[in-house]
Amino acid sequence: MTTTTITDTPLFTGADWDFDKVRRVYDAVEEIAKGELGLITYPNQIEVITAEQMLDAYSSIGMPLMYKHWSFGKRFAQDETLYRKGMRGLAYEIVINSSPCISYIMEENSMAMQTLVIAHAAFGHNHFFKNNGLFKQWTDAKGILDYMEFAKGYVAHCEERYGHQAVERVMDAAHALMSHGVHKYPRKRTPDLADEERRAAERSAYQEKMYNDLWRTVPKAAATKQGSQELAERKRRLGLPEENMLYFLEKMAPKLAPWQRELIRIVRKIAQYFYPQKQTKMMNEGCATFTHYTIVNRMHEKGLLSDGAMLEILHSHTSVVFQPDFDDRRYSGINPYALGFNMMGDIRRICEAPTPEDREWFPDFAGNGDPYGTLRQAWADYRDESFVLQYLSPALIRKMRLFKIHDVAERPEMEVTAIHNERGYREVRKSLARSYDIAHLETDIQIVDVDLAGDRRLIVHHLVENGMLLNEAEAIRVVRHIANLWGYEVRLIEIESGTDAVLKTYEDMAPTSMM
Amino acid sequence: MNIIDRRLNPQGKSLANRQRFLRRARAQIVKAVREASGSRSIQDIGNGEKISIPMDGLREPSFHRAAKGGIRDYVVPGNKEYVEGDRIKKPEEEDGEGGGNQGRPDGEGADDFAFVLSKEEFLDIFLDDLELPDLVKKKMKQTESTTPMRAGYSVTGSPANLNIVRTMRNSLSRRIALRRPKPAELAELEEEIRALEESGLDPERLSVLRLEFDRLVARSKRVPYIDPLDVRYSRFEHVPKPITQAVMFCLMDVSGSMTEHMKDLAKRFFMLLYLFLSRRYRHVDVVFIRHTHEAEEVDEDTFFYSTETGGTVVSTALEEMRKVIEDRYPVGDWNIYCAQASDGDNTSSDNAKTAGLLEDVILPACQYFAYIEVGAEYKDWLGRDSDLWRTYKQVIKPGGHLAMRRVRVRSQIFPVFRDLFAKERHDSTTWAAGGEGP
């Protein structure tokens, strides 16, 4: 531990904040974050906004430079109604994964809250954005603001040129497919011409070398295979099956104009940008919460925070990490803040004061005395699913009293299959990790075939897992959107994964409006 | 680290999104506004409104799994009593609600979307529904005229505004402070000097007194009675002022022959008139008088929603109105407007009395009297105009305050309304400018 100089003059007293205090607090927080926790962040930019601006930012999914769309207006109206009625408080902050990392703080916050927010967003989230592998791989923090600027301008330009309605039709359809518009794996780089030529030359050289006239006499494959070969060839050319539906439609839909493809691309890019956030929600919030908690405690120890400010911070900290029990009226799933914060606190405990059980479960780092280094590594290399699978300890399972329920729709009863005991730990941990696996959470929908020679019907498959079908009414609406983009009929089929048995076939949906 | 203050950035960044949203949901919103304006009271029409609209066209669908069905595993916190292998009965209500693979039968429009329309948005849509042309809309949203109000004192101003009391008070305090000799003191001294001169007893004292007298006279010359410093003027500020107050009488026939549709038309007309008046007068009272063969003053709910049976005697309503005016609304203090809605029925024997009352009592008291005849048929079975129409026709004079129109459907209301005012504006300025009295 670093030596602590204790001062008896806190950085601020009273609730009011001003820019000077914010700067002083920021410096103090930075000192602890960089010096003691070893956080590495993008440069920070803190922007002070009003409640109304916060609502604004809210409704356009947290992006300050979002393009215009009616759905954001709808969300704004909704949030505003709730907010005005006092049914919902506003978030204290919003933070953007960009470089410089922008944190919005509200002018209504007290100075104690601003301290919390600076530690939480400007250091916790910021560190996670900069260091987590998924963000590094999938998002371009330096480029995102410029891209949003471009997107906003482009959408406005299209509205002017082609009319609001035409743009809205494309955007509505693209939004409906947003969750199925991401590449989940890095794509194979398409070889360029030089590569192609080199490969062709290599191949022919090889064939020349291996030439044997005998092969000519071997009988050809049976003619029945012809059809399936054609199918395979067609699929290969179209890059099917394709799970990134927006990508497929952008590249392949026959009737779209170039500007419509560009609009789809914009939505797809934004979906891709948010994809890592979806997979690391729990870790990201856990990281930020753990960071602010550690930092404000250190500040209090050093005498930089008055007791009153500390109490206010703790009050809002505890309400953020509150986890109601499953039978509580307030229960609505596992609180990502609570789980993330608890797990990270638990990791620190294991590093500093492990029990024999911890040494058995986590031989790698139990008792290594370097909690922040261990955490930094976890923050960098894991996502929610793998993080739970790797780090959820029996002690925490017991503390949260986690248990697993198995629910089969047809049976009148649910079964408790594992609880927080010796036999259940691994099972509970595996199931909880699985519930954070985005591949498991989101429906597996793929475009599998197009009949290019015939009526150009697009075939979409939903690979049903564990008998969980799609919400029918919503699915029909989405298929209509796909048809509008594709320009021809679309058929959605739900197929049981594994057995390939057809569970449900939707009616063919023809496009309803010209794009 | 940078701190940027964004609070002063232009507000309402989401306005463009809101406009897109309102345009998108236009049809539903217009319908909701129509319903809301039907149910809200006349005097509330100008306020913003929370409305709910069905979700059609506002959905943002996505592929996701139905809420039920299949095999699911959950991990939940807070175990208290369960051990491995326990079975938990599923909650009853969920079983009842369909179950199966379907999820809940997704009710179209069951989940309404509620939000608040601002006053302007509500009015725009309300007026649009009445086919209000843009030009008139602007006129209706105009602000009222201003009037000078006393606002303290100033040291400059026109002589007409000279405030004598304040000026004299300043003058007095200055004179006291600078010890300007009072006229009484001077007179006393002068008297004493004269007495000494006459008697010639004490020449020494005389000369002292003379010197003193000269000194005082000189002093009173140096310290003027009113100095420019003392002068104060009354200051006036121009503040928006309601021209005066107005009362609006709503007269309606509620006998059985008036259908809901007719009442709805009448209500809309009353609303428009109220809007119009409330833009011009700070204070607008509304008096509802309904009548069958007898009339009474009622509250708004009773006025629109309770039905009465009986014959139709219009003069009773006019009589009631006269009484109310005499009791509460002296003609000198109030601008009186009257709107009457009827299907045109009247007992034949009453026509003459009605015409007389209208011509001799009501019209002279009113700024304006608008009669609208609502309903499907304007002519009776003989092909004549309705009783009331013919009666009023006798009274109508060019340039008078009586106007009458017929309305059959909702979209005609505004044109008729505008028509009434356009004509009046042409004849005299009283209506357009708000009126100072007949």
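As a basis for the values below, the full set of heavy atoms in this structure was taken, side chains included, without hydrogen atoms, waters or symmetry mates. Every chain is numbered from 1, with letters handed out A, B, ... down the list of sequences. Keep in mind that what you see is a predicted model, and the values were worked out from it rather than measured.
- Interface remark: N421(A) contributes side-chain atoms only to the contact with chain B (heavy atom separation under 4.5 Å).
- Annotation: ring pair (Phe, Tyr, Trp, His ring centres under 6.0 Å) contacts involving residues 50-76 of chain B, sequence neighbours excluded, comprise H180(A)-F63(B).
- The number of heavy-atom neighbours closer than 6.0 Å to CD of Q165(A), taken from other residues, nucleotides and ligands shown, is 12 or below.
- With a threshold of 4.5 angstrom between heavy atoms, E442(A) approaches chain B through N, CA, C or O but not through any side-chain atom.
- With a 4.5 Å cut-off on non-hydrogen atoms, R24(B) touches chain A through its side chain but not through its backbone.
- In this structure, the portions of F403(A) lying under 4.5 Å from any heavy atom of chain B include both its backbone and its side chain.
- Of the two parts of P324(A), only the backbone, made up of N, CA, C and O, holds a non-hydrogen atom closer than 4.5 Å to a non-hydrogen atom of chain B.
- Of all the listed residues (I445(A), I105(A), I397(A), L503(A)), the one sharing the greatest number of non-hydrogen pairs under 4.5 Å with chain B is I445(A).
- For chain B, the option among I405(A), I49(A), T417(A), L492(A) with the highest count of heavy-atom pairs below 4.5 Å is I405(A).
- The aromatic rings of H175(A) and H69(A) sit perpendicular to each other, their planes meeting at more than 60°, with 30° as the lower class boundary.
- Taking the six-membered ring for Trp and the full ring otherwise, the centers of F19(A) and Y26(A) sit at least 6.0 Å from each other.
- Atom CZ of R87(B) and atom CZ of R411(A) lie 6.5 Å apart (nearest 0.5 Å).
- In this structure, chain B has no heavy atom under 4.5 Å from any part of Y104(A).
- Between chain B and the options I476(A), V478(A), V408(A), the largest number of non-hydrogen pairs under 4.5 Å is found for V478(A).
- With a 4.5 angstrom heavy-atom cutoff, A475(A) touches chain B via backbone and side-chain atoms both.
- Q45(A) touches chain B through backbone and side chain together, each having a heavy atom under 4.5 Å away.
- Neither the backbone nor the side chain of D27(A) has a heavy atom closer than 4.5 Å to any heavy atom of chain B.
- Classification of E472(A) and K504(A) as a salt-bridged pair holds, one side-chain N sitting under 4.0 Å from a carboxylate O.
- Residue with the most contacts toward chain A among R72(B), E60(B), R18(B), Q19(B): R72(B) (heavy-atom pairs, distance under 4.5 Å).
- I118(A) does not touch chain B: none of its heavy atoms, backbone or side chain, sits under 4.5 Å away.
- Residue with the most contacts toward chain B among S435(A), S71(A), A418(A): S71(A) (heavy-atom pairs, distance under 4.5 Å).
- When each of L8(B), D5(B), I3(B), V83(B) is checked for heavy-atom pairs under 4.5 Å with chain A, I3(B) comes out on top.
- Distance check: R23(B) CZ to I29(B) CD1 gives 11.5 Å after rounding to the nearest 0.5 Å.
- For R75(A), the part lying under 4.5 angstrom from a heavy atom of chain B is the side chain only.
- When heavy atoms are compared at a cutoff of 4.5 Å, Q323(A) approaches chain B solely by way of its side chain, counted from C-beta outward.
- We find the CZ-CZ distance between R268(B) and F270(B) to be 13.5 Å, quoted to the nearest 0.5 Å.
- Residue L177(A) touches chain B through its side chain alone, counting heavy-atom pairs closer than 4.5 Å.
- Listed by first and then second residue, the side chain to side chain donor-acceptor pair (under 3.5 Å) pairs that reach into residues 423-432 of chain A are R398(A)-Y425(A), K404(A)-E427(A), K404(A)-S431(A), R423(A)-E84(B), sequence neighbours excluded.
- Distance CG/L441(A) to OH/Y436(A): 9.5 Å, rounded to 0.5 Å.
- In terms of heavy-atom pairs under 4.5 angstrom with chain B, the leader among K68(A), E415(A), R480(A) is K68(A).
- Within the 4.5 angstrom heavy-atom criterion, atoms from both the backbone and the side chain of L432(A) approach chain B.
- Not one N or O on the side chain of D325(A) forms a donor-acceptor pair closer than 3.5 Å with the backbone of D328(A).
- The residue among V428(A), D172(A), L339(A), V22(A) with the most heavy atom pairs within less than 4.5 Å of chain B is D172(A).
- Here the CG-CG distance, from N44(A) to N126(A), works out to 4.5 Å after rounding to the nearest 0.5 Å.
- Between Y506(A) and E494(A), the side chains place a donor N or O and an acceptor N or O closer than 3.5 Å (distance only, hydrogens not considered).
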